[in-house]
Amino acid sequence: MLSVIVPAHNEAPVLSNTLAFIVAQLTSEDELIVVADTCGDNSAEIASTFTPRVYCEQLGSAALARNLGAEKVNNPILVFVDADTQCADNYFLAIKAAVLRGTDYGCAPLLSDSGHWLGNRVAKGINKFNQRHGTFGGNCFVKKRLFTQLSGFNGALKKGEDTDLGERLGELGACFGWLDDSHIVHNERKFKEHGYFRYYSKLWLESALWQLCPSWYQRFVGIKS
């Protein structure tokens, strides 16, 4: 029923943990696909210990890696999982239940992996944004039929391609689902590398620009140079 797609770019330190969480939940009717994109490490080798469906490509963006993975699937429900994400034990069951209720696309609440107050604040802000706008980040699910109808993620965007797809699905009239009985935990390494306050401020400004003037966001933040 589910096709789980994991884009990976030099994710060797975290990939094994992520894939182990995924494989523990999948059934025989599900499949796992990993797209190792422009990797200079052993991400592909790690992925191959969990699934034979590993594709090594030189694409240069998460959007294009996700789109390529979607081209390889056999099942009607696409589930995109970032390579540094831990899924709740019931995550994939919650997706299946939501689809059976008529949900077309959606996501689960994001939790902080550190418990840092700014990490919690960022997670809360992202969750509020996604619920309000009926959209999602990189960890999401969508019916393949609708994904194909919209030509997938916008490969011209270097950032915000996930939110963009969610908004286009909403404009299409698709039914959004919020999996409040599950969650995902995202690695906060970027916060730790750049500093929590600095990275949080950057995210806040980008989010405000997206909401106030999407065309400016795409011009100054999202469009590939």
Side-chain angles (χ1 to χ4, degrees), residues 1-8 18-19 21-22 25-27 29-35 37 51 53 55 59 61-88 90-110 126-186 210 214 222:
M1 183 179 185
L2 303 181
S3 292
V4 182
I5 300 165
V6 180
T18 297
L19 296 181
F21 267 88
I22 294 173
Q25 294 189 48
L26 298 186
T27 67
E29 66 178 359
D30 305 318
E31 62 182 353
L32 172 61
I33 294 170
V34 177
V35 180
D37 178 27
T51 175
R53 306 285 301 282
Y55 300 91
L59 299 169
S61 80
L64 295 177
R66 293 186 184 112
N67 285 345
L68 184 135
E71 293 174 1
K72 308 294 184 181
V73 305
N74 298 309
N75 294 331
I77 308 300
L78 310 180
V79 183
F80 297 96
V81 179
D82 286 344
D84 58 357
T85 297
Q86 293 183 18
C87 306
N90 71 334
Y91 182 61
F92 299 105
L93 285 175
I95 291 174
K96 291 179 180 179
V99 171
L100 289 175
R101 292 193 300 267
T103 301
D104 294 318
Y105 74 107
C107 63
L110 178 70
I126 291 174
N127 292 335
K128 185 176 180 181
F129 179 90
N130 287 340
Q131 279 190 287
R132 178 186 299 170
H133 295 276
T135 188
F136 43 61
N139 297 288
C140 57
F141 67 94
V142 57
K143 290 182 177 177
K144 179 183 177 182
R145 171 179 58 82
L146 296 173
F147 185 87
T148 302
Q149 183 177 341
L150 293 176
S151 300
F153 293 97
N154 184 348
L157 296 177
K158 63 181 180 181
K159 296 187 70 175
E161 77 285 344
D162 36 26
T163 303
D164 169 74
L165 176 60
E167 291 190 342
R168 287 189 285 126
L169 285 162
E171 292 168 359
L172 193 65
C175 178
F176 174 74
W178 180 253
L179 307 181
D180 55 6
D181 57 343
S182 189
H183 66 267
I184 52 175
V185 181
H186 196 271
W210 179 286

Can you tell me how far the [atom1] atom of [X] sits from the [atom2] atom of [Y], to the nearest 0.5 Å?
X: R132; Y: N127; atom1: CZ; atom2: CG; result: 12.5 Å
X: L169; Y: T135; atom1: CG; atom2: OG1; result: 8.0 Å
X: N139; Y: L110; atom1: CG; atom2: CG; result: 7.5 Å
X: I77; Y: I95; atom1: CD1; atom2: CD1; result: 9.0 Å
X: K96; Y: R101; atom1: NZ; atom2: CZ; result: 14.0 Å

Side chain to side chain contact (heavy atoms under 4.5 Å, CB included) evaluation trace for V6 with L32: CA-CA 8 Å; V6 180; L32 172 61; 4.0 Å; yes
Listed once per pair and sorted, the side chain to side chain donor-acceptor pair (under 3.5 Å) pairs that draw on residues 143-152, sequence neighbours left out: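 As it turns out, the side chain to side chain donor-acceptor pair (under 3.5 Å) pairs with a partner in residues 143-152, which skip direct neighbours, are D104-K143.
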To check you understand the geometry: which heavy-atom pair defines the closest contact between [X] and [Y], and what is its length?
X: P7; Y: V81; value: CD-O, 3.4 Å
X: F141; Y: C107; value: CE2-N, 3.6 Å
X: L59; Y: V35; value: CD1-CG1, 4.3 Å
X: F176; Y: N130; value: CZ-O, 3.8 Å
X: R168; Y: N154; value: NH2-N, 3.8 Å
X: V73; Y: S3; value: CB-OG, 3.4 Å

Under 3.5 Å donor-acceptor, D37 side chain and A62 backbone: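 Absent.
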Donor-acceptor contact present, side-chain T18 to main-chain A83, <3.5 Å: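 Yes; judged by distance alone, with no hydrogens or angles, the pair exists.
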Do [X] and [Y] touch side chain to side chain, with heavy atoms closer than 4.5 Å?
X: Y105; Y: F147; answer: no
X: D30; Y: V4; answer: no
X: M1; Y: V99; answer: yes

Cationic N near anionic O, under 4.0 Å, D82 to R66: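 Looking at R66 together with D82, the answer is yes, because their closest N to O distance falls below 4.0 Å.
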Counting only pairs under 3.5 Å, give me each side-chain donor-acceptor contact of residues 177-184, with atom names and distances, residues two or more places apart or in other chains.
residue	atom	partner	partner atom	Å
S182	OG	N90	OD1	2.9

Derivation of the side chain to side chain contact (heavy atoms under 4.5 Å, CB included) call for F80 and F153: CA-CA 11 Å; F80 297 96; F153 293 97; 3.7 Å; yes
Working for side chain to side chain contact (heavy atoms under 4.5 Å, CB included), residues F92 and L26: CA-CA 7 Å; F92 299 105; L26 298 186; 4.2 Å; yes
Candidate pair L2 and Q25, rule side chain to side chain contact (heavy atoms under 4.5 Å, CB included), full reasoning: CA-CA 11 Å; L2 303 181; Q25 294 189 48; over 6 Å; no
